[in-house]
Protein chains: 2
Amino acid sequence: MKIAITAVMISVLGSSATGQTTQGSAKTKKIVTANDVIDQIKAHVGVPWQEPTVDTFKAGDPQSPVKGIAVTMMTTLDVLKRAAANGQNLVITHEPTFFDHLDNPKQLPQGEDDAVLKQKREFVAEHHLVIWRFHDYWHRRNPDGIEEGNVHALGWEKYQDPANQYMFTIPETTVAKLAEESRVKLHAAVPRIAGDREMKITRVAFSPGSAGFHRETGALEMPDVQVLIAGETHEWETVEYVTDAHTEGRAKALILLGHIASEQAGMEECARWLRTFITSVPIEFVPTADMWAAPLSSDEKR
Amino acid sequence: MKIAITAVMISVLGSSATGQTTQGSAKTKKIVTANDVIDQIKAHVGVPWQEPTVDTFKAGDPQSPVKGIAVTMMTTLDVLKRAAANGQNLVITHEPTFFDHLDNPKQLPQGEDDAVLKQKREFVAEHHLVIWRFHDYWHRRNPDGIEEGNVHALGWEKYQDPANQYMFTIPETTVAKLAEESRVKLHAAVPRIAGDREMKITRVAFSPGSAGFHRETGALEMPDVQVLIAGETHEWETVEYVTDAHTEGRAKALILLGHIASEQAGMEECARWLRTFITSVPIEFVPTADMWAAPLSSDEKR
């Protein structure tokens with residue numbers, strides 16, 4: 001039942017955000033090809049690179065000369081179109097391009113003949129795009145680059161635990177107000193709340209993406225954690241668990257922001273980070289549109 | 001990446017809802033124990049019972065005399081409390097009780113010492129509840145009992161394909177209006193839409209629960225299907241797929257109702273079905289509260 005696309009983060013239960021990033025002796029080098037960019041990322045991320053990882057090229061020729069770099073949360077076709085229109089031929093994405101954690105959409109009944117997949121692959125080929133995924137090692141970096149971006153976007157640096165970057169003590173608020181703050185600052189189209197939305201809280205765990213039942217309940221098992229913010233999770237696992245905790249009278253609630261909203265700021269952070277050591281090609285953050293339209297309201301006129 | 005808790009349904013691509021349910025020679029018998037009830041279900045469901053299946057006892061003594069039967073979508077503690085208060089000691093649930101598809105919450109960091117789990121198990125034991133799951137075979141029945149309940153709640157019998165119970169041709173409407181109709185009739189707290197909410201549609205596939213990428217894209221690959229209604233699904237799979245299909249100019253959209261709202265009516269149907277052959281003990285449908293509170297609105301005063 002473990003979710004394959006987990007945010008590969010340092011354990012919520014006892015991670016440290018205090019270590020210094022080891023940048024080794026890597027120096028800013030002239031960037032020529034996509035491979036050069038990735039080599040620079042590997043040299044600067046501060047964590048030894050090991051296989052297997054999903055952080056690999058997904059499309060295009062790694063030897064292509066790079067004209068511009070687009071950094072994004074999820075390479076939807078909409079993102080690829082905007083990158084191509086901007087002249088960015090290297091796209092660095094946190095999430096899959098081809099609807100599968102390994103970018104191998106073998107579960108599609110029509111396989112490579114699937115019309116949606118085919119048209120997306122054709123667009124990539126016609127525009128000579130090179131796509132590389134930056135998921136595992138952007139999380140494994142210290143601090144986790146995704147969480148760093150979330151903290152920056154929320155303005156929560158002063159509330160963050162020195163010993164655990166995923167834990168926060170914030171000024172007293174309610175679950176609903178916290179969801180609203182997250183909605184606005186992280187651009188979540190449809191946040192959802194399980195538990196008591198009027199509960200007063202100060203202690204928050206933020207687990208970006210889809211970290212799975214083990215990590216999510218690991219945070220909720222901590223006696224002081226009152227609310228967990230996450231991206232998406234299975235209703236028959238973490239959501240039932242937090243709902244039961246609430247019924248048992250425990251001070252526990254869950255806010256799901258949606259996968260994109262819960263990690264997008266972390267890729268904006270990634271673009272900023274890349275600019276610190278790649279200066280010879282333009283780098284732009286291309287936001288992925290939240291795939292959920294505005295929430296329905298029964299008062300809405302249609 | 002396959003989701004374990006799939007709605008084990010006859011393939012969306014070519015199922016038949018026209019076959020007659022084979023009830024064999026089972027006759028209404030005096031019900032004494034929980035085991036007797038389950039034996040009657042197996043005799044009436046019309047599909048040969050085979051292992052492995054998740055349709056097993058999850059708690060309590062199958063030899064317990066049954067005073068009353070509660071039928072529910074998901075055995076949250078809230079549901080169990082209402083069943084116990086009503087004097088119903090056999091609870092038949094579609095979804096897990098212990099936060100795991102196999103009701104073995106081994107992913108909990110604290111395992112059986114987890115306080116939430118422990119208190120739930122204690123409640124079950126103290127009230128001598130017997131819990132049995134009815135998932136695989138309620139879907140495998142012909143017609144799929146979950147889908148039958150959804151069709152009943154929506155009033156869509158006249159729109160249903162004779163050759164495929166998951167497919168519907170409805171009077172022209174928009175994606176947003178369809179989502180609103182589903183929200184009201186199926187009691188979905190927070191439906192979400194991917195794709196163009198103003199798109200006009202007539203052709204709908206309804207895949208209850210969490211059937212996974214393969215089945216969901218199998219429906220979306222059908223040229224005439226314009227909108228897929230489902231419970232929950234991964235954003236990096238089906239949601240990215242439908243978003244790209246929309247960007248490619250295809251008439252495809254997705255409505256996610258939430259897992260409970262997408263299957264709850266199917267367990268109300270189950271209670272009605274049980275009453276046709278179990279008459280010696282009272283049977284009640286105990287609705288599971290949708291775990292998502294009302295959607296947030298930026299206009300809302302707090």
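Chain letters run A, B, ... following the sequence lines, proteins first and then strands; every chain starts at 1.
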Item to complete: Go through A:L256, A:V184, A:D196, A:V242 and name the one with the most non-hydrogen pairs under 4.5 angstrom from chain B.
Response: A:L256
Worksheet entry | Options A:V239, A:L254, A:D78, A:L80, ranked by heavy-atom pairs under 4.5 Å with chain B, top entry | A:V239
Practice prompt. Report yes if the side chains of A:Q119 and B:R250 come closer than 4.5 Å at any heavy-atom pair, otherwise no.
Written response: yes
Fill in: Side chain to side chain, A:H234 and B:H234, heavy atoms closer than 4.5 Å
yes
Worksheet entry | Contact origin within B:K81 toward chain A - heavy atom pairs under 4.5 Å | side chain
Discussion item. So for B:T243, is it side chain, backbone, both, or neither that comes closer than 4.5 Å to the heavy atoms of chain A?
Written reply: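 Just its side chain gets close to chain A.
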Roughly how far, to the nearest 0.5 Å, is [atom2] of [Y] from [atom1] of [X]?
X      : Y      : atom1 : atom2 : answer
B:T75  : A:E240 : OG1   : CD    : 5.5 Å
A:E235 : B:W292 : CD    : CH2   : 5.5 Å
A:H94  : B:W236 : NE2   : CH2   : 11.0 Å
B:F99  : A:T238 : CZ    : OG1   : 10.0 Å
A:Y241 : B:K120 : OH    : NZ    : 11.5 Å
B:E248 : A:L117 : CD    : CG    : 9.0 Å

Worksheet item: How close do A:V190 and B:R192 get, heavy atom to heavy atom, and via which atoms?
Response: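 Taking A:V190 first and B:R192 second, the nearest heavy atoms are CG1-CG, 3.8 Å.
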Practice prompt. For B:P109 and A:E221, work out which heavy atoms get closest and say how close.
Written response: CB-OE1, 3.3 Å
Practice prompt. Could you check which of B:K252, B:Q110, B:M74 has the highest count of heavy-atom pairs closer than 4.5 Å to chain A?
Written response: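 That would be B:Q110.
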